[in-house]
Amino acid sequence: MTTAIVLGGGFAGVLAAAVLARHGGDVLVAEGDRYPSGPLPRRGLPQARHSHVLVTGGARALEDLLPGTLEALYARGAHRRGLTGDALILSAEGWFGRHDTGAYLVSCTRALLDQVVRHRALAGGRVTVWQDARVLALTGDAARVTGVTISRAGGPPETVEADLVVDATGRRSKAPRWLAGLGVPEVAETVVSSGLAYATRLYRAPEGLAAGLPAIMIHPGAADGRPGQGATLFPVEDDRWVVTLTGTRGGEPPAREPGFTAFARRLRSPVVAVLMAAATPLGRVRPYRDTANRRRFFERTPLPEGFLAIGDAVVAVNPVYSHGMSIAALGALRLDRELTRHGGVKPSRTPELQAAVAEVADPSWRMAIGQDSRYAVRDDAPPAGTAAARSLLSRATLTSPELATRLFHAQTLIAPAPERERTP
Ligand SMILES: Cc1cc2nc3c(=O)[nH]c(=O)nc-3n(C[C@H](O)[C@H](O)[C@H](O)COP(=O)(O)OP(=O)(O)OC[C@H]3O[C@@H](n4cnc5c(N)ncnc54)[C@H](O)[C@@H]3O)c2cc1C
């Protein structure tokens with residue numbers, strides 16, 4: 001029997017664990033953090049305090065992996081907002097018309113999303129979770145990974161053997177360093193940073209305005225002298241709104257009041273500031289700066305058998321594009337299909353699996369670095385003309401339902417029809 005250990009029990013980790021368990025293995029998830037008892041933020045997931053929406057492609061993948069999850073989320077207060085019919089979107093070129101494009105996003109707190117997904121992914125009894133279990137290193141050699149060393153509850157390192165080790169430790173993954181410790185050549189990495197900073201605050205919605213509010217997105221202007229400044233306001237569960245303000249270097253949103261509100265008032269549209277003024281703040285403003293696009297090219301490395309990386313550990317895009325969780329869900333779905341094709345988990349096939357996972361993330365990566373080329377401090381060049389082409393397309397899509405459909409299908413990672421089995 002194959003045994004697998006998944007490093008990190010975040011969004012990608014629990015989905016990978018569910019997939020591996022379905023293919024007949026015993027699965028252990030080693031999570032360095034402790035899960036909260038309810039839908040609350042936790043230390044190991046600092047980004048969970050910020051807006052998290054699940055775009056259509058990811059929502060569909062999640063539903064394929066764990067049927068009934070979207071209904072479970074809606075039952076707990078998550079909102080579905082059609083793009084652009086249930087949204088107010090001010091692009092660099094103007095307001096989008098309200099079109100029925102078939103694309104949508106699911107909005108709730110990241111804490112609720114994680115709790116619901118984790119509960120469903122780990123149901124079934126084949127997955128064991130160790131919390132407070134920090135992974136320290138990989139064991140084996142450059143040809144074969146045989147397990148990991150882990151410190152449980154701060155105790156001395158212990159070795160856990162496994163046929164398959166899946167790194168899902170997220171954006172700050174140390175897997176390249178761990179692999180180097182086994183003698184594996186360096187994993188190539190590309191970082192493209194727009195320098196975007198986030199500041200987020202939760203609000204209690206005023207009575208009567210909670211459930212029906214559209215999703216609101218104010219994009220940065222093309223040349224308004226306030227580089228990269230924008231805002232989103234999304235309705236979330238329990239009659240709350242989450243407001244995120246964004247800005248690039250020199251135009252970052254303040255991490256406290258009164259600057260936070262003043263920043264919202266100065267944006268290209270005051271709509272978010274007007275709604276904030278009518279709502280009740282809940283908790284303080286939370287800043288976040290680690291937003292660079294980061295890709296680790298594991299698939300170009302001669303990887304040892306028995307090792308695989310997924311989720312943000314492979315491709316972490318600028319969060320402003322709302323793709324990260326969808327990349328994780330689409331990657332887990334692809335893993336599921338590859339394992340079906342291979343007849344189960346075969347550690348010798350992990351390099352192929354790694355290539356498949358990277359392929360799924362590629363469209364998001366290209367879109368993100370193309371867009372960020374406007375502000376980027378980077379160590380490679382995006383395709384020539386990408387930003388200009390995007391701007392032209394964006395202007396035309398404001399009024400054209402056909403173009404809006406194309407754009408929002410691309411932006412929400414809706415796969416071409418033949419690749420889909422179900423389309424909730
Ligand atoms: C500010 C912000 C906003 C975002 N907004 C969106 C959005 O709107 N939509 C969207 O789709 N995506 C969004 N994202 C991206 C999303 O958060 C990530 O893509 C997603 O969390 C990736 O899942 P993951 O499981 O790969 O990593 P994570 O969710 O980060 O999970 C990694 C897990 O590994 C654990 N871990 C780390 N190191 C160790 C170790 N050594 N040993 C054991 N466990 C370890 C951590 O505790 C954590 O549980 C946003 C990101 C940020 C930063």
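The residue from Gln115, Glu237, Arg49 that alone fulfils the side chain to side chain donor-acceptor pair (under 3.5 Å) condition with Thr109 is Glu237.
With values rounded to the nearest 0.5 angstrom, Ile89 atom CD1 is found 9.0 Å from Arg98 atom CZ. Here the CG-NE2 distance, from Leu112 to His52, works out to 13.0 Å after rounding to the nearest 0.5 Å. Remark: Arg110 CZ to Leu54 CG distance equals 10.0 Å, nearest 0.5 Å.
Between the side chain of Arg76 and the backbone N or O of Leu113 there is no donor-acceptor pair closer than 3.5 Å. In this structure a side-chain-to-backbone donor-acceptor pair under 3.5 Å is missing from Tyr321 to Met367. With Asn293 contributing its side chain and Val192 its backbone, the two residues share a donor-acceptor pair below 3.5 Å. Tyr198 places a side-chain N or O within donor-acceptor distance of the main-chain N or O of Val320, the cut-off being under 3.5 Å.
Under 3.5 Å, the side chains of Asn318 and His323 contain no donor-acceptor pair of N or O atoms.
Sorted by first and then second residue, the salt bridge (Lys or Arg N to Asp or Glu O under 4.0 Å) pairs involving residues 309-318 (not counting sequence neighbours) form an empty list. Applying the salt bridge (Lys or Arg N to Asp or Glu O under 4.0 Å) test to every pair with at least one member in residues 292-301, sequence neighbours left out, gives these pairs: Glu189-Arg294, Glu189-Arg296, Arg295-Glu299, Arg295-Asp362. Among pairs with a residue in residues 75-94, none fulfils ring-ring contact (aromatic ring centres under 6.0 Å, His included), at least two apart in sequence or across chains. Sequence neighbours left out, the pairs with a member in residues 32-44 that pass salt bridge (Lys or Arg N to Asp or Glu O under 4.0 Å) are Glu31-Arg42, Asp33-Arg42, Asp33-Arg43.
Applying the side-chain hydrogen bond (donor to acceptor under 3.5 Å, both in side chains) criterion to Arg120, with sequence neighbours excluded, gives Thr69.
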Please set out all donor-acceptor pairs under 3.5 angstrom arising from side-chain atoms of residues 324-335, sequence neighbours excluded.
residue : atom : partner : partner atom : Å
Ser326  : OG   : Gly58   : N            : 3.3
Arg334  : NE   : Glu338  : OE2          : 3.1
Arg334  : NH1  : Glu359  : OE2          : 2.9
Arg334  : NH2  : Glu359  : OE2          : 3.3

